Q: 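First, the structure itself, so that you have it in front of you.
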Amino acid sequence: MASVHLLFLLLLCIMFVYHCHGACAEVDSDTEAVAGEGFKLGCISCKRRSEVEGSATVEWYFRGKGEADFVHIYTYNEEGPTIENDHFSERVDWNGSKRSNDIQDASIYLLNVTFNDTGTYRCFFYRILFYENYEYNTVVSKVVHLSVVAKATRGTASIVSEVMMYVSIIGLQVWLLIEMIYCYRKIAAAGEEALREAANAEYLAIASESKDNCAGVQVGE
């Protein structure tokens, strides 16, 4: 029984390490691009329950500066990417989650940025979560306000985003370390308990054997 308990705790630790290794952190996109260069439009939506299987379709929309309506510019699903607008034809590459339909990073890379790319971008996650007896549909959207400049400058938003990214990574690593120590102590305590139970069982067996021997001697007399 004790060995089964130890194995169960070990499996829990392995599962925790596995999920933490693929941890997701929602980091805001940069918002300043340089004309003539490439630019990554970041869009991340983390699932709240990583153990639940899911599938997502991503759509990007763009509203130019001074314009009233959004236009559909890009779609990514299990069949691959589709550029939906001529203005972005051959200028958008997928830069998000790969080799999985369970998309959490929907970032795209914009090639050869122009001043006409200034405006507001919105990405939508149309996600399906697969539970045992039903499917749950969710829609999550993110907004990026992009400005295009002639020369790169290091904005406050960029600095804050980078700092938050490193803070998130460090926080996850510390959390992982704490959980690993906790699991190790639980396993060590369970091992000590198993040794005590084994010692008690052996003591009781010896005591019972001694009692039987004594009873045999008395009967013989």
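Fair warning: this is a prediction, and the values are worked out from it, not measured in the lab.
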Q: Can you name the closest pair of heavy atoms from Asp102 and Ser100 and give their distance?
A: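 Shortest heavy-atom separation between Asp102 and Ser100 comes out as N-OG, 3.0 Å.
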Q: List the steps and the verdict of side-chain contact (heavy atoms from CB on, under 4.5 Å) for Phe88 and Asp117.
A: CA-CA 9 Å; Phe88 294 91; Asp117 295 328; 3.8 Å; yes
Q: Is the backbone N or O of Leu110 less than 3.5 Å from a side-chain atom of Arg91, with the two atoms forming a donor-acceptor pair by type?
A: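 Answer holds: no.
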Q: Is there a donor-acceptor contact under 3.5 Å from the side chain of Asp30 to the main chain of Glu32?
A: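 Flag not set: sc Asp30 to bb Glu32 has no pair under 3.5 Å.
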Q: To the nearest 0.5 angstrom, please state how far the CD1 atom of Ile73 sits from the NE2 atom of His87.
A: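 Going from CD1 on Ile73 over to NE2 on His87, the span is 8.5 Å.
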Q: Of the non-hydrogen atoms in Ile83 and Val92, which two are nearest, and what is the gap between them?
A: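 Distance-wise, the nearest heavy atoms are CD1-O, 4.0 Å.
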Q: Are there more than 12 heavy atoms of other residues, nucleotides or ligands under 6.0 Å from atom CG of Asp86?
A: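 Not more than 12 within 6.0 Å, no.
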Q: Would Trp94 and Phe62 show up in the same hydrophobic cluster when neighbours are defined by side-chain heavy atoms closer than 4.5 Å?
A: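 Yes: a chain of side-chain contacts under 4.5 Å links Trp94 to Phe62.
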Q: Rounded at 0.5 Å granularity, tell me how far NZ in Lys40 sits from CG in Asp93.
A: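 It comes to 13.0 Å.
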Q: Using the side-chain contact (heavy atoms from CB on, under 4.5 Å) rule, take Ile108 and Asn95 through it: C-alpha gap first, then chi angles, then the decisive distance, then the call.
A: CA-CA 5 Å; Ile108 58 177; Asn95 201 238; 5.5 Å; no
Q: Are Cys43 and Trp60 side-chain neighbours, meaning at least one heavy-atom pair lies under 4.5 Å?
A: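 A side-chain contact exists here, since the closest heavy-atom pair is under 4.5 Å.
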Q: Within a radius of less than 6.0 Å around OH of Tyr136, do more than 12 heavy atoms belonging to other residues, nucleotides or ligands occur?
A: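 No, not enclosed.
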Q: If you look at every heavy atom in Pro81 and Tyr74, which pair is closest and at what distance?
A: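 Looks like CB-OH, 3.0 Å.
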Q: Distance from Glu84 atom CD to Glu59 atom CD, nearest 0.5 Å?
A: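 If we round to the nearest 0.5 Å, Glu84:CD and Glu59:CD are 7.5 Å apart.
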Q: Could you tell me whether a side-chain N or O of Ser97 sits under 3.5 Å from a main-chain N or O of Ile103, the two making a donor and an acceptor?
A: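 A pair under 3.5 Å: no.
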Q: Going from CZ on Phe125 to SG on Cys46, what distance comes out if it is rounded to the nearest 0.5 angstrom?
A: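 Here the rounded value is 8.5 Å.
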Q: Please say yes or no: joined through hydrophobic side-chain contacts below 4.5 Å, possibly via intermediate residues, are Leu172 and Ile44 part of one cluster?
A: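 No, it is not one cluster - the side chains of Leu172 and Ile44 are not joined through contacts under 4.5 Å.
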Q: Considering all heavy atoms of both residues, which atom of Val148 and which atom of Ala35 are nearest to each other, and what is their separation?
A: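 Closest pair (atom of Val148, atom of Ala35, distance): CG1-N, 3.8 Å.
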Q: Compute whether any side-chain donor of one residue and acceptor of the other, for Asp105 and Ser107, lie under 3.5 angstrom apart.
A: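 A donor-acceptor contact under 3.5 Å links the two side chains.
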Q: Could you state whether Phe39 and Val143 fall into the same hydrophobic cluster, counting links through intermediate Ile, Leu, Val, Met, Phe, Trp or Tyr residues with side-chain heavy atoms under 4.5 angstrom apart?
A: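 No, Phe39 does not connect to Val143 through the hydrophobic network.
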Q: Nearest 0.5 Å, what's the OH-OG1 distance between Tyr76 and Thr57?
A: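 So the gap between those two atoms works out to 10.5 Å.
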Q: Kindly work out whether a path of hydrophobic side-chain contacts (I/L/V/M/F/W/Y, heavy atoms less than 4.5 Å apart) joins Leu41 to Tyr61.
A: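 No: no chain of side-chain contacts under 4.5 Å links Leu41 to Tyr61.
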Q: Hey, could you give me each pair passing salt bridge (Lys or Arg N to Asp or Glu O under 4.0 Å) that has a residue in residues 125-151? Not counting sequence neighbours.
A: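 Sorted result for residues 125-151: Glu26-Lys142.
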Q: Nearest 0.5 Å, please: how far is CG in Leu176 from CD1 in Ile181?
A: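 Rounded to the nearest 0.5 Å, the CD1-CG separation comes out at 10.0 Å.
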Q: Check for me, please, whether Phe70 and Val139 land in the same ILVMFWY cluster - side-chain distances under 4.5 Å, paths through other members count.
A: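 As far as the 4.5 Å side-chain criterion goes, Val139 and Phe70 are connected within one cluster.
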